[in-house]
Amino acid sequence: MGDLLLVRHGETEWSRSGQHTSWTDIPLTDNGREQARRLGPLLASYRIEAVFVSPMKRARETAQLAGLHEARIDPDLCEWDYGGYEGMTTPEIQGTRPDWFLFTDGVVPGPDGHPGESPEQIGARANRMLAKVDAALADCEGNVAVVAHSHFLRVLTARRLGLPPSGGALFQIATGTLCRLGTEHGRPVVAAWNVRPQS
């Protein structure tokens, strides 16, 4: 079976400032576009037979600039719905909730249509996505790539490794990087993490 390649979208204004970004559909910065373009040769070194991408502009643009064409848009790859914490930084949230931690506490409800997601809900969504990835891997001889967002990809990694959703806290992912989840002796492993293209 091939590997699961995780690509976090390139830099945006809010990823640079540390603001939580889920449904706010902001574009990549010039630096984010360059990060995405530089991923192209690295990704081309893998035999990628299926690509899934979040519907958000920043993820779709990253996929295109990195040469991942014919990607299947999948809403299960959207970022964690931050509810009422959309656009806020962790220090701002901790100003009123000093011990707040996303991976265990979740978020407060936001505006209509954005009630927020609990760690359990995001874990269930990650499980659904992994089932689609496994189906694609079983149907090909190469690898499967997903292009999405930091917190969602961290939970996806935790679930792939058999950890609870809160285990996503262990896997920081930088913008414009590639991570690879493979297997060793039939068990899932982290094969590469936060790989940046060589300059």
Side-chain angles (χ1 to χ4, degrees), residues 1-15 21-81 122 124-161 168 171 173-183 188-199:
M1 183 176 286
D3 291 343
L4 172 54
L5 307 177
L6 310 179
V7 177
R8 183 182 174 192
H9 64 75
E11 179 193 78
T12 68
E13 292 290 349
W14 280 17
S15 68
T21 320
S22 51
W23 72 84
T24 305
D25 205 6
I26 59 179
L28 301 176
T29 61
D30 288 342
N31 181 54
R33 291 184 191 94
E34 181 60 22
Q35 287 177 328
R37 278 190 287 269
R38 290 181 61 220
L39 280 170
L42 178 61
L43 289 164
S45 69
Y46 292 93
R47 180 177 174 181
I48 299 173
E49 296 199 9
V51 180
F52 296 91
V53 65
S54 160
M56 305 310 287
K57 182 187 306 179
R58 56 194 181 273
R60 289 185 289 110
E61 188 175 10
T62 296
Q64 285 293 317
L65 291 171
L68 296 174
H69 306 296
E70 299 181 16
R72 296 179 238 178
I73 296 173
D74 196 308
D76 276 339
L77 284 173
C78 284
E79 181 58 297
W80 194 316
D81 185 333
I122 199 78
R125 187 150 59 85
N127 290 346
R128 286 199 307 269
M129 194 65 232
L130 286 171
K132 297 172 198 177
V133 165
D134 285 339
L137 284 169
D139 198 36
C140 74
E141 296 181 3
N143 306 292
V144 171
V146 299
V147 184
H149 312 273
S150 174
H151 285 128
F152 179 78
L153 289 175
R154 292 169 71 171
V155 173
L156 188 79
T157 297
R159 297 303 301 133
R160 184 58 148 191
L161 299 176
F171 304 101
I173 303 179
T175 56
T177 59
L178 171 68
C179 302
R180 183 163 59 92
L181 301 179
T183 56
V189 295
V190 175
W193 201 257
N194 270 340
V195 178
R196 293 183 186 276
Q198 295 183 345
S199 336

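Below, each value reflects all heavy atoms present in this structure, side chains not excepted, and no hydrogens, waters or symmetry copies.
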Could you tell me whether the side chain of [Y] reaches within less than 4.5 Å of the side chain of [X], counting heavy atoms only?
X      : Y      : value
Leu181 : Thr157 : yes
Asn143 : Leu4   : no
Val195 : Thr177 : no
Phe52  : Val147 : no
Asp76  : Lys132 : yes
Val53  : Asp74  : no
Leu77  : Val146 : yes

(message) Taking Asp25 first and then Lys57, would you say they form a salt bridge - that is, a charged N and a carboxylate O separated by under 4.0 Å?
(response) no
How close do [X] and [Y] get, heavy atom to heavy atom, and via which atoms?
X      : Y      : value
Thr62  : Arg8   : CG2-O, 4.4 Å
Ser54  : Ala148 : CB-CA, 4.3 Å
Glu79  : His151 : OE2-N, 3.1 Å
Pro75  : Arg125 : O-NH1, 3.9 Å
Pro27  : Arg33  : CB-NH2, 4.2 Å
Arg154 : Gly168 : NE-O, 3.0 Å

Calculate, to the nearest 0.5 Å, the distance between atoms [atom1] and [atom2] belonging to [X] and [Y] respectively.
X      : Y      : atom1 : atom2 : value
His149 : Thr12  : NE2   : OG1   : 10.0 Å
Leu137 : Met1   : CG    : CE    : 5.5 Å
Met129 : Asp134 : CE    : CG    : 10.0 Å
Asp81  : Cys78  : CG    : SG    : 9.0 Å
Cys179 : Ile173 : SG    : CD1   : 4.5 Å
Arg196 : Arg38  : CZ    : CZ    : 8.5 Å

(request) Apply side chain to side chain contact (heavy atoms under 4.5 Å, CB included) to Ile73 and Arg60, showing your working. (result) CA-CA 8 Å; Ile73 296 173; Arg60 289 185 289 110; 3.7 Å; yes
(message) Run Val7 and Leu39 through side chain to side chain contact (heavy atoms under 4.5 Å, CB included) and show every step you take.
(response) CA-CA 9 Å; Val7 177; Leu39 280 170; 3.7 Å; yes
Under 3.5 Å donor-acceptor pairs involving side-chain atoms of residues 40-48, not counting sequence neighbours:
residue	atom	partner	partner atom	Å
Ser45	OG	Leu42	O	2.5
Arg47	NE	Glu49	OE2	2.7
Arg47	NH2	Glu49	OE2	2.9

(request) Before giving the answer on side chain to side chain contact (heavy atoms under 4.5 Å, CB included), spell out for Leu28 and Gln35 the whole-Å C-alpha distance, their side-chain angles and the decisive distance to 0.1 Å. (result) CA-CA 10 Å; Leu28 301 176; Gln35 287 177 328; over 6 Å; no
(message) Strictly distance-based, threshold 3.5 Å: is any side-chain N or O of Arg180 a donor or acceptor partner for the main-chain N or O of Ala192?
(response) no
(request) May I have the step-by-step check of side chain to side chain contact (heavy atoms under 4.5 Å, CB included) for Ser22 and Met56, ending in yes or no? (result) CA-CA 9 Å; Ser22 51; Met56 305 310 287; over 6 Å; no
(request) Quickly, which of Leu6, Leu161, Asn194, Leu156 forms a side-chain contact (heavy atoms from CB on, under 4.5 Å) with Phe171? Name it, please. (result) Leu161
(message) Does His9 form a side-chain hydrogen bond (donor to acceptor under 3.5 Å, both in side chains) with Thr175? I'd like the steps, not just the answer.
(response) CA-CA 6 Å; His9 64 75; Thr175 56; over 6 Å; no
